[in-house]
Amino acid sequence: MRFKTVCTGCSLLCDDIMVDLEGERIVSTFNLCAHGEEKFIKARGTERLLKPFVRDSNGVREVSLDEAAERAAEILLNAERPVLWGWSSSSIEAQMAGIELAREVGGIIDNTGSICHGAIWFAASESGLPMATLGEVMNRADVVVYWGSDPGHSHPRHLSRYSVLPRGIYTQSGYEQRRVYVFDIRRTRVGKIANTLIELEPNKDYELITAMRLLLKGRKLRVDKVAGVSTKILEKVIQEWKERDFGAVFYGMGLLASRGKYRNLEALLRLVWEMNEYTRFVVLPMAGHFNMIGFNHVAASVTSYPLGIDFSRHIPYSNPGETTFAEMLQRGEVDAAFIIGSNPLLNFPAKLARKLTRIPLVVVDCFKTLTVKHATVAMPAAITGIEAGGVAYRMDSVPIILKEFLNPPEGVLSDADITRIIVEKVRKRKN
Amino acid sequence: MSKLNAYQVYKMLPGINCQKCGEPNCMIFAVKLLKGEKQPEDCPPLIEDEKYKDKLQQLKEIFSPKDAVAETGLVIHPEKCTGCGNCVVGCPAIAAECPLIGSGKGEVRDNVVFRVENGKIKVVDLKKCRRYSPIKTCRVCEMYCFSGAIELRTVA
């Protein structure tokens, strides 16, 4: 049986994946990239977490889901500053339940965006966010800029589905009509196929963007080189951009992780904003996890803050740096953590990971990750997009409906259901 | 063969402009021969007249149909492929055959040059490739390949 489905390998959420299914076995897949293929293969791999377990003084023992949820509720209620972390690989239904859980236990809910692409909301609140959907980029864009991002590694199908190669309504000639500009510190995969590759010096993004803003305003620069790039090249680039019809800037972690952090993005947003005086220019994040942007939208609509929301005062409160997970962990504030769909023990710096091993961890995950192996309570979850449905937000904030096509292993529920069960247990204990 | 021009091919033809092949003159026949639209056997005097035997043999060696891989020079390294599909969407032959694939929307077809299957690029029908003709100028798939999985070797 051949049918169409959505891939949840990255936040591009390609909705043209064809899968040949024979009973419960995936025979072959079409149009999947390496990221998605890995996810589809892993769904039936040996690394799945199948039974909930609890770790106590007697060691590890397998328990029922009910008992594990009871223990999780106990840990979260006994803690003073519990943090609910992850949520970027869950459906928005699970995220809604997660916010409810944070409210019930008076904890902090934060998603992986706070160490990643969450900076877009801080920068946008200062500079505004000129955005478009990827469909608009496909149909109109004749300038495509990749700044500090390499879709060749992170989003393999980005170029072939939306930005450079497809032939859209006003871009009938496809790649012949578009010009690709890559700003990076090295010759990346996408840099290989760019029309103009600008290799700037590391940590000098802010300097370069400011110089480009000056050039855009018609000022002359007194120096020959800015951030290792010739001023003449920059002048040429700005002139070319002005003459084009529609430009799309895709920024990645290269911009956000270099010196200046979200201020770099703020400057880039201002540059894009000023470009709009001459032509249409938009900026889009190259978000990683498939529903990272979704959490920010859900949290902002429910609590008015995009991430790092503290419920300990019974009203939502957020102050990035004070109520975000990594900083709290660094200060030693966290005394219990609920981790869903994330692997912080592997991803965090060793110092923070070591601190994380000293506190009780409640982990909900599909696979036997390093964090699951150190968990106090672990609960298996169905893979969203393959074994469980839901809604996820694409990188351009377009909601995409995910549908399940395989049955989850016996006794395994979706992360939304598991979170709801824990919310029920917490409510029962409080009364 | 890619180095041959129409005049060199014309010199191998009888050059009598008999119009038996349906073309106005031998020069146009030479151009069509290069494009792959005609075969050496389509020229009646070449076959009928004994004195053109050597020329026919020479032309047959140059324009003999080879297998598709040898003809296009396309070599795929599956271990390097990331399944991005740049080659599939960029390919002008696929876009002409199926505009939906050309506009980035994946569709599973059996009459295209290649498609992405199980996360890797797979050749389906190489005879649809634009390089499957004596003029081998198209290099889009190689140009837009991120990972160097597609290599177009020079064909002698």
Side-chain angles (χ1 to χ4, degrees), chain A residues 2-5 7 9 12 14-20 26-41 134-135 137-139 150-169 171-176 180 188-195, chain B residues 76-125 128-131 137-152:
Chain A
R2 182 174 291 183
F3 60 93
K4 216 174 203 176
T5 185
C7 164
L12 214 51
C14 300
D15 51 4
D16 60 349
I17 308 303
M18 302 298 275
V19 180
D20 279 351
I26 298 170
V27 183
S28 53
T29 58
F30 299 94
N31 305 327
L32 266 184
C33 70
H35 281 234
E37 182 69 15
E38 181 75 15
K39 192 151 189 172
F40 275 58
I41 291 172
L134 285 170
V137 171
M138 184 194 98
N139 284 325
D150 182 12
H153 280 109
S154 59
H155 305 77
R157 295 194 73 204
H158 195 271
L159 272 79
S160 66
R161 251 180 86 75
Y162 298 112
S163 66
V164 179
L165 291 147
R167 297 150 183 88
I169 297 172
T171 49
Q172 289 287 333
S173 311
Y175 56 88
E176 290 166 16
V180 185
T188 52
R189 276 186 172 181
V190 68
K192 205 182 110 187
I193 61 170
N195 296 90
Chain B
I76 288 177
H77 305 286
E79 72 282 358
K80 286 185 187 171
C81 184
T82 54
C84 63
N86 282 1
C87 45
V88 178
V89 179
C91 180
I94 295 180
E97 186 85 28
C98 177
L100 212 59
I101 297 179
S103 61
K105 290 163 192 73
E107 203 186 335
V108 184
R109 296 276 286 261
D110 293 329
N111 56 349
V112 290
V113 183
F114 30 46
R115 65 178 179 221
V116 179
E117 201 173 315
N118 295 332
K120 301 270 180 214
I121 189 73
K122 190 186 166 193
V123 174
V124 182
D125 187 1
K128 298 270 176 190
C129 178
R130 290 211 168 164
R131 290 174 69 82
T137 48
C138 182
R139 305 188 79 90
V140 178
C141 51
E142 191 197 39
M143 256 164 63
Y144 283 93
C145 183
F146 280 137
S147 49
I150 292 183
E151 192 189 334
L152 292 171

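Every chain is numbered from 1 and lettered A, B, ... according to where its sequence line falls, protein lines coming before strand lines.
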message: Give me the atom names and distance for the closest heavy-atom approach of T82(B) to P156(A).
response: O-CB, 4.3 Å
message: Return the CD to CG distance between E117(B) and N31(A), rounded to the nearest 0.5 Å.
response: 10.0 Å
- request: Measure C145(B) against the heavy atoms of chain A and call it side chain, backbone, both or neither at under 4.5 Å.
  value: backbone
- request: Would you give the length of the straight line joining atom CG of N118(B) to atom CD1 of I41(A), rounded to the nearest 0.5 angstrom?
  value: 7.5 Å
- line: d(H153(A) NE2, C84(B) SG) to nearest 0.5 Å is 11.5 Å
- request: State, to 0.1 Å, how close E37(A) and G119(B) come at their nearest heavy-atom pair, and which atoms those are.
  value: OE1-N, 3.6 Å
query: Which bit of V140(B) comes within less than 4.5 Å of chain A, counting heavy atoms only: side chain, backbone, both or neither?
result: side chain
field: V190(A), part contacting chain B, at a heavy-atom distance under 4.5 Å
entry: both
message: A side-chain contact here means heavy atoms from C-beta on lying under 4.5 Å apart; do R157(A) and V116(B) qualify?
response: no
- prompt: Looking at CG of L165(A) and SG of C91(B), how far apart are the two atoms once the value is rounded to the nearest 0.5 Å?
  reply: 11.0 Å
- prompt: What are the two closest heavy atoms between R161(A) and K105(B), and how far apart are they?
  reply: NH1-CA, 4.5 Å
query: Okay, side chain of R167(A), backbone of G104(B): is any donor-acceptor separation there less than 3.5 Å?
result: no
message: Rounded to the nearest 0.5 Å, what separates atom CZ in R109(B) from atom CZ in F30(A)?
response: 14.0 Å
- request: Could you pull out the closest heavy-atom pair between V108(B) and R2(A), with the gap in Å?
  value: CG1-NH1, 3.3 Å
